[in-house]
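Since the structure is predicted, the reported quantities are computational estimates derived from the model, not experimental observations.
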Amino acid sequence: MKRSFFLQLFLLLPLEMLKAGVVPAFTNDVAADQWLRQQSPSYLRMAQYVDSRWGFEFGVATNSPGGLAYLKDGKGHIDLNERLKGTHRVSVIVFEMTNLYQQERHEEITTPVRRGEQQDATKFAMLREAVEYDGLRLHREVLVELEQKVGELPPEMITWVSSTATNLTSYALPYAYDYFKAQAKGGHTEHYYRLFKKHAVEAADAKRNQTNGDMK
């Protein structure tokens with residue numbers, strides 16, 4: 001009787017529940033990072049590269065609704081907003097790892113601005129957005145590998161990067177043109193314009209200080 005009862009209950013479960021993969025609930029971000037390394041060769045490759053170049057640690061993002069990846073004093077950082085929960089948070093960790101993995105590209109774009117050699121804010125913003133677009137491709141590669149291991153991924157791992165997809169099958173990267181338009185409309189590109197202004201001020205201050213030093 002019990003076996004028959006549970007079989008009937010199983011058949012009554014929503015199709016989404018029967019198909020959904022199992023992504024563990026993690027007590028902290030380090031545990032999520034370790035699990036991702038075990039499940040995804042692509043994530044492992046990126047994480048090991050970051051380990052070999054700078055290492056990294058997790059922190060709290062207070063000025064961003066999502067996550068941030070950056071270098072500070074030669075150390076990598078992935079900061080996550082405390083409102084990110086569950087599998088959505090795991091997916092954001094993957095994406096921010098792609099940013100740290102590509103940090104040398106970000107620095108290649110940023111360094112000329114800090115030196116005062118590059119003064120085109122739009123060029124700076126678009127190039128930084130282009131690196132993040134490549135990050136979406138890397139992010140999706142990891143999701144594909146995870147789905148092969150655990151089964152169909154929860155929608156929360158996908159819907160935050162796509163307004164139309166609900167699963168990995170329906171999630172394809174947008175055209176670059178549409179991506180850049182969406183980033184600008186959503187205010188993300190404005191972040192890079194503000195960053196450009198910050199670096200430009202730093203460059204001007206450095207040049208002024210050098211000039212004053214030469215006059216002494």
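Side-chain atoms of Arg53 do not come within 3.5 Å of backbone N or O of Gly76 as any donor-acceptor pair. For Ser91 (side chain) and Thr87 (main-chain N/O), no donor-acceptor pair under 3.5 Å exists by modelled atom type.
With sequence neighbours excluded, no residue forms a side chain to side chain contact (heavy atoms under 4.5 Å, CB included) with Asp73. For Asp120, there are no side chain to side chain donor-acceptor pair (under 3.5 Å) partners two or more places apart in sequence or in a different chain. Take Glu108 and apply the side chain to side chain contact (heavy atoms under 4.5 Å, CB included) test, not counting sequence neighbours, and it matches no residue. Applying the side chain to side chain donor-acceptor pair (under 3.5 Å) test to Ser40 and every residue at least two apart in sequence or in another chain returns Glu145. Listed by chain and residue number, Glu129, Tyr179, His188 satisfy the side chain to side chain donor-acceptor pair (under 3.5 Å) test with Gln183 (two or more places apart in sequence, or in another chain). When the ring pair (Phe, Tyr, Trp, His ring centres under 6.0 Å) test is applied to His77, the partners found at least two apart in sequence or on another chain are Tyr70. Checked against ring pair (Phe, Tyr, Trp, His ring centres under 6.0 Å), His88 has the following partners two or more places apart in sequence or in another chain: Trp160. Every residue meeting the side chain to side chain contact (heavy atoms under 4.5 Å, CB included) condition with Thr159, not counting sequence neighbours, appears here in chain and number order: Pro155. Annotation: side chain to side chain donor-acceptor pair (under 3.5 Å) contacts of Lys198 (sequence neighbours excluded): Glu202.
Under the 4.5 Å side-chain criterion, counting only non-hydrogen atoms from C-beta, Asp134 is not in contact with Leu138. Taking the side chain as every heavy atom from C-beta outward, Leu168 and Met157 never approach each other to under 4.5 Å. A 4.5 Å side-chain heavy-atom check between Arg89 and Phe26 finds every atom pair outside the cut-off. When side chains are defined from C-beta on, Phe95 does not count as touching Val161, because their heavy atoms never get closer than 4.5 Å. Proximity of Glu152 to Thr169: side-chain heavy atoms (C-beta onward) are nowhere separated by under 4.5 Å. Side-chain atoms of Asn28 and Gln34, non-hydrogen and from C-beta on, never get closer than 4.5 Å to each other. The shortest distance between side-chain heavy atoms of Val23 and Pro154 falls below 4.5 Å. Side-chain contact between Leu143 and Ile158 is present, with heavy atoms from C-beta onward closer than 4.5 Å.
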Side-chain polar contacts of residues 56-66 - donor-acceptor pairs under 3.5 angstrom, sequence neighbours left out - could you list them?
from	atom 1	to	atom 2	distance (Å)
Ser64	OG	Gly66	N	3.2

What pairs of donor and acceptor atoms, side-chain ones from residues 43-50 against any protein atom, are under 3.5 angstrom apart with sequence neighbours left out?
from	atom 1	to	atom 2	distance (Å)
Tyr43	OH	Asp33	OD1	2.6
Tyr49	OH	Glu104	OE1	2.5
Tyr49	OH	Glu104	OE2	3.3

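Note that CD of Glu147 is 7.5 Å distant from CG of Asn167, once rounded to the nearest 0.5 Å. Summarising the geometry, atom CD belonging to Glu156 is positioned 12.5 Å from atom CG belonging to Leu84; distances are rounded to the nearest 0.5 Å. For the atom pair CG of Leu173 and NE2 of His139, the computed distance is 10.5 Å after rounding to the nearest 0.5 Å. Taken to the nearest 0.5 Å, the CZ atom of Arg128 stands 4.0 Å off from the OG1 atom of Thr110. In this structure, the separation between OG1 on Thr98 and CG on Leu136 is 7.5 Å, given to the nearest 0.5 Å. With rounding to the nearest 0.5 angstrom, the OH atom of Tyr171 is 9.5 Å from the OG1 atom of Thr164.
Nearest heavy atoms, Ala69 versus Asn99: CB-CB, 3.7 Å. Pairing each heavy atom of Phe180 with each of Ala130, the nearest pair is CE2-N, 3.9 Å. Contact record, Ala203 with Gly116: CB-N, 3.6 Å, taken as the closest heavy-atom pair.
Surrounding CD of Glu82 are at most 12 heavy atoms belonging to other residues, nucleotides or ligands under 6.0 Å away. Other residues, nucleotides and ligands place more than 12 heavy atoms under 6.0 Å from the NZ atom of Lys75. Within a 6.0 Å radius of CZ in Arg114, more than 12 heavy atoms belonging to other residues, nucleotides or ligands are found.
Residues Leu68 and Val94 do not share a hydrophobic cluster, defined by chaining ILVMFWY side chains whose heavy atoms lie under 4.5 Å apart.
Here Asp51 pairs with Arg37 in a salt bridge; the nearest charged N to carboxylate O distance falls below 4.0 Å. The pair Asp205-Arg208 meets the salt-bridge criterion, since a charged nitrogen lies less than 4.0 angstrom from a carboxylate oxygen.
The hydrophobic cluster around Val113 extends to Ile109, Phe124, Leu127, Val131, Tyr192, Leu195, Phe196, counting ILVMFWY residues whose side-chain heavy atoms fall within less than 4.5 Å of a member.
A side-chain hydrogen bond (donor to acceptor under 3.5 Å, both in side chains) with Gln103 holds for exactly one of Arg105, His106, Glu107; it is Glu107.
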> Hey, mind stepping through Val201 and Lys197 against side chain to side chain contact (heavy atoms under 4.5 Å, CB included) and telling me if it holds?
Replying inline: CA-CA 6 Å; Val201 169; Lys197 290 179 182 178; 5.5 Å; no
